[in-house]
Amino acid sequence: MPALVLLGAQWGDEGKGKATDLLGGSVDYVVRYQGGNNAGHTVVVGDQKYALHLLPSGILSPGCTPVIGNGVVVDPAVLLSELSGLNDRGVDTSKLLLSGNAHLITPYHTTVDKVTERFLGKRKIGTTGRGIGPTYADKINRVGIRVQDLYDESILEQKVEAALDFKNQILAKLYNRRAIESGKIVEELLAYAEQIKPYVADTTLILNNAIDEGKVVLFEGGQGTLLDVDHGTYPFVTSSNPTAGGACTGAGVGPTKINRVIGILKAYTTRVGAGPFPTELFDKDGEALRTIGGERGVTTGRDRRCGWFDAVIARYATRVNGLTDFFLTKLDVLTGWEQIPVCVAYEIDGKRVEELPYSQSDFHHAKPIYEMLPGWSEDITKAKTFSDLPKNAQAYVKALEEMSGAPISAIGVGPGRTETIEINSFLS
Ligand code: GDP
Ligand code: IMO
Ligand code: MG
């Protein structure tokens, strides 16, 4: 089992951090392939809780080499502060590898992210304000700054100047903001250069060699399928490809090298930021899911929007990612409901629709069609095997599996590493 992808099957925050950390002890490399510090991955090890934003969750497993791939956008200030925060807690981060081709988030990207959102007003995306969109825009516009540029001062100066020439016009003339001095940006970036240097490597070469040698490589997605810039609920998405194909471009590994694609799927649904969400709840059930599930953003501290499980989305995630398995998380949060509604299809303009509509207007009008599944009241947090679960919880999992189109190979019954029921091994 040399290479597997682990990604969010919904709108992010499915529990990817926990799942990655769980496998971290058995894999050789954990690779972030897209996104940046817009991610917030929570890992609970014993009585210790870690919130990771940019670093791969594998960093907490001593035998594992964490890698930041070329497809990630890196804020150097965040990188260094996250590393020192972990070092202060006794975590060895010296094995980290950082692609020289990864793009840098600079202060002007975070400024542009924030002013653009303000300018959009009611139509805003609700971004994390971390400069993600503007940095990917510069990458595609070919005016981005890459990690390797930190090591050639004259190239760095030219590139920052070129990027700011245009941006300063926009900032001053459109947003009425002061121009950003390129000299100051260059100075700030150069101050990070030496501290980052030990980590910089040709990560695609290292990862391909590792796979060829039979080492186990895990690609850890940020965000989720419905936040994908191509396959998500555009324009209410992030600016990268969290879907499985993103692992190939974002790490420089061909699709023939990947054997397994695991979708992390919450037993209900959440979303942060703006955009359509057919099963969203605005009543006491929504509030209960938020409270019991602790649904508050790890990155921005915003309350997450909560709703019932949506099987149309899960099926879509199976399709666009070629999922081989699901890891169902947070089943314990549903304990206590007499009946649990599950969205099995949508009603759009009076018609029943089984698949996610490709048209944005149709999706905005989609009304969930629910099937009621019987709930359970027993505490399931100590369950170690599938048969330890109450019959109705087993039936809920089986129903979700059937509707979603791929086997559920693990179930989360609590935030801790050990609060997991493993059904099929991900690594066999
Ligand atoms: P990520 O962004 O996908 O890594 O997910 P987040 O860390 O943002 O949010 C998931 C939250 O659920 C975190 O607080 C986790 O500690 C927690 N969590 C993960 N799996 C489970 C589970 O099976 N049960 C419970 N109760 N909490 C879980
Ligand atoms: P993890 O990895 C949930 C959302 C933002 C916003 C949209 C665009 O923890 O699952 P961006 O700053 O990326 O340009 O914002 O995407 N978003 C997330 N929502 N979990 C995340 O990451 C997210 N990262 C971005 O709320 O709606
Ligand atoms: Mg998160």
Side-chain angles (χ1 to χ4, degrees), residues 6-22 32 34-45 48-54 56-57 72-73 75 105 109-110 112-114 116-117 124-137 220-229 232-240 242 263-277 289 291-305 327-335 379-381 383 410-421:
L6 192 155
L7 53 82
Q10 295 151 321
W11 275 289
D13 303 324
E14 299 90 348
K16 298 176 292 291
K18 173 192 157 162
T20 303
D21 170 67
L22 185 70
R32 277 284 306 269
Q34 48 67 239
N37 59 308
N38 49 347
H41 297 175
T42 318
V43 179
V44 180
V45 186
Q48 293 289 307
K49 187 169 171 175
Y50 299 89
L52 301 166
H53 298 283
L54 178 59
S57 303
V72 177
V73 287
D75 185 326
I105 303 177
H109 293 113
T110 35
V112 171
D113 193 356
K114 286 173 188 156
T116 310
E117 282 282 276
K124 71 178 181 185
I125 309 290
T127 72
T128 58
R130 301 299 191 261
I132 305 297
T135 306
Y136 278 115
E220 177 191 21
Q223 294 76 52
T225 300
L226 275 298
L227 286 172
D228 186 283
V229 69
T233 48
Y234 190 90
F236 301 102
V237 293
T238 192
S239 299
S240 67
I264 312 303
L265 187 68
K266 215 180 266 193
Y268 51 97
T269 314
T270 62
R271 173 164 205 170
V272 194
F277 179 179
L289 288 174
T291 309
I292 302 166
E295 297 297 354
R296 182 174 281 261
V298 181
T299 299
T300 56
R302 289 177 287 178
D303 273 355
R304 293 175 182 156
R305 301 157 65 191
F327 188 141
L328 186 72
T329 60
K330 303 190 97 161
L331 186 65
D332 53 302
V333 174
L334 294 179
T335 300
D379 175 19
I380 62 168
T381 56
I411 304 167
V413 290
R417 246 182 211 174
T418 53
E419 290 167 310
T420 308
I421 298 173

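Quick caveat, the model's predicted, so the values are computed rather than measured. Along the sequence shown, residues are numbered consecutively beginning with 1. As a basis for the values below, the full set of heavy atoms in this structure was taken, side chains included, without hydrogen atoms, waters or symmetry mates. Atoms within a ligand are numbered from 1 in the order they appear, just like the ligands themselves.
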As a quick check of understanding, evaluate side-chain contact (heavy atoms from CB on, under 4.5 Å) for Leu7 and Glu14, giving each step before the final call. CA-CA 9 Å; Leu7 53 82; Glu14 299 90 348; over 6 Å; no
For [X], is at least one N or O under 3.5 Å away from an N or O on ligand 1?
| X | value |
| --- | --- |
| Asp332 | yes |
| Thr329 | no |
| Gly15 | yes |
| Gly17 | yes |
| Val298 | no |

Specify side chain, backbone, both or neither for [X], according to which of its non-hydrogen atoms lie closer than 4.0 Å to ligand 1.
| X | value |
| --- | --- |
| Asp13 | both |
| Val43 | neither |
| Arg304 | side chain |

[X] side chain to [Y] main-chain N or O, any donor-acceptor pair under 3.5 Å?
| X | Y | answer |
| --- | --- | --- |
| Glu419 | Gly416 | yes |
| Thr110 | Gly131 | no |
| Glu117 | Ile125 | yes |

Sub-2.8 Å protein N, O or S atoms surrounding the Mg ion (ligand 3):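 You should have found Asp13 OD1, Gly40 O.
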How would you list, by chain and number, every residue that makes a side chain to side chain donor-acceptor pair (under 3.5 Å) with Lys266, sequence neighbours excluded?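 Partners of Lys266 by the side chain to side chain donor-acceptor pair (under 3.5 Å) criterion, ordered by chain and then number, come out as Thr270, Glu295.
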Counterpart residues, side chain to side chain donor-acceptor pair (under 3.5 Å), relative to Arg130 (two or more places apart):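 Per chain and number, Arg130 pairs via side chain to side chain donor-acceptor pair (under 3.5 Å) with no residue.
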Could you name the option among Leu7, Thr42, Leu22 that has the heavy atom nearest to atom 14 (O) of ligand 1?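 Selected option, by shortest heavy-atom distance: Thr42.
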I need the single residue from Thr238, Val272, Thr233 that forms a side-chain contact (heavy atoms from CB on, under 4.5 Å) with Trp11. Which is it?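 When Thr238, Val272, Thr233 are each tested with Trp11, the side-chain contact (heavy atoms from CB on, under 4.5 Å) holds only for Thr233.
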Report the distance from atom [atom1] of [X] to atom [atom2] of [Y], rounding to the nearest 0.5 Å.
| X | Y | atom1 | atom2 | result |
| --- | --- | --- | --- | --- |
| Lys18 | Arg417 | NZ | CZ | 11.0 Å |
| Leu331 | Thr420 | CG | OG1 | 12.0 Å |
| Asn38 | Asp75 | CG | CG | 11.0 Å |
| Glu220 | Asp21 | CD | CG | 9.5 Å |
| Ile264 | Thr225 | CD1 | OG1 | 10.5 Å |
| Ile105 | Ile132 | CD1 | CD1 | 4.0 Å |

Neighbouring protein residues of ligand 2 - any heavy atom closer than 4.0 Å: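 Residues Trp11, Gly12, Asp13, Lys16, Asn38, Ala39, Gly40, His41, Ile125, Gly126, Thr127, Thr128, Gly222, Gln223, Leu227, Val237, Thr238, Val272, Gly273, Arg302 each place a heavy atom under 4.0 Å from ligand 2, listed by chain and number.
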For residues Val229 and Tyr234, report the shortest heavy-atom separation together with the two atoms involved.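 Between these two residues, the closest heavy atoms are O-CD1, 3.5 Å.
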Among all protein non-hydrogen atoms, which one is nearest to [atom], and what is the separation to 0.1 Å?
| atom | answer |
| --- | --- |
| atom 6 (P) of ligand 1 | Gly40 O, 3.6 Å |
| atom 27 (N) of ligand 1 | Lys330 CE, 3.5 Å |
| atom 19 (C) of ligand 1 | Lys18 CD, 3.9 Å |
| atom 1 (P) of ligand 1 | Lys16 N, 3.5 Å |

Show the atoms of ligand 1 that are less than 4.0 angstrom away from any heavy atom in Gly412.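 In order of numbering, the contacting atoms are 23 (O).
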Could you tell me which atoms of ligand 1, counted from 1 in the order shown, lie closer than 4.0 angstrom to a heavy atom of His41?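 Result: 1 (P), 2 (O), 4 (O), 7 (O).
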Within less than 4.0 angstrom of ligand 1, does [X] place any heavy atom?
| X | value |
| --- | --- |
| Gln223 | no |
| Gly414 | yes |
| Gly294 | no |

Taking side chain as C-beta onward, heavy atoms only, is [X] less than 4.5 Å from [Y]?
| X | Y | answer |
| --- | --- | --- |
| Phe327 | Leu22 | yes |
| Val298 | His53 | yes |
| Asp113 | Pro134 | yes |

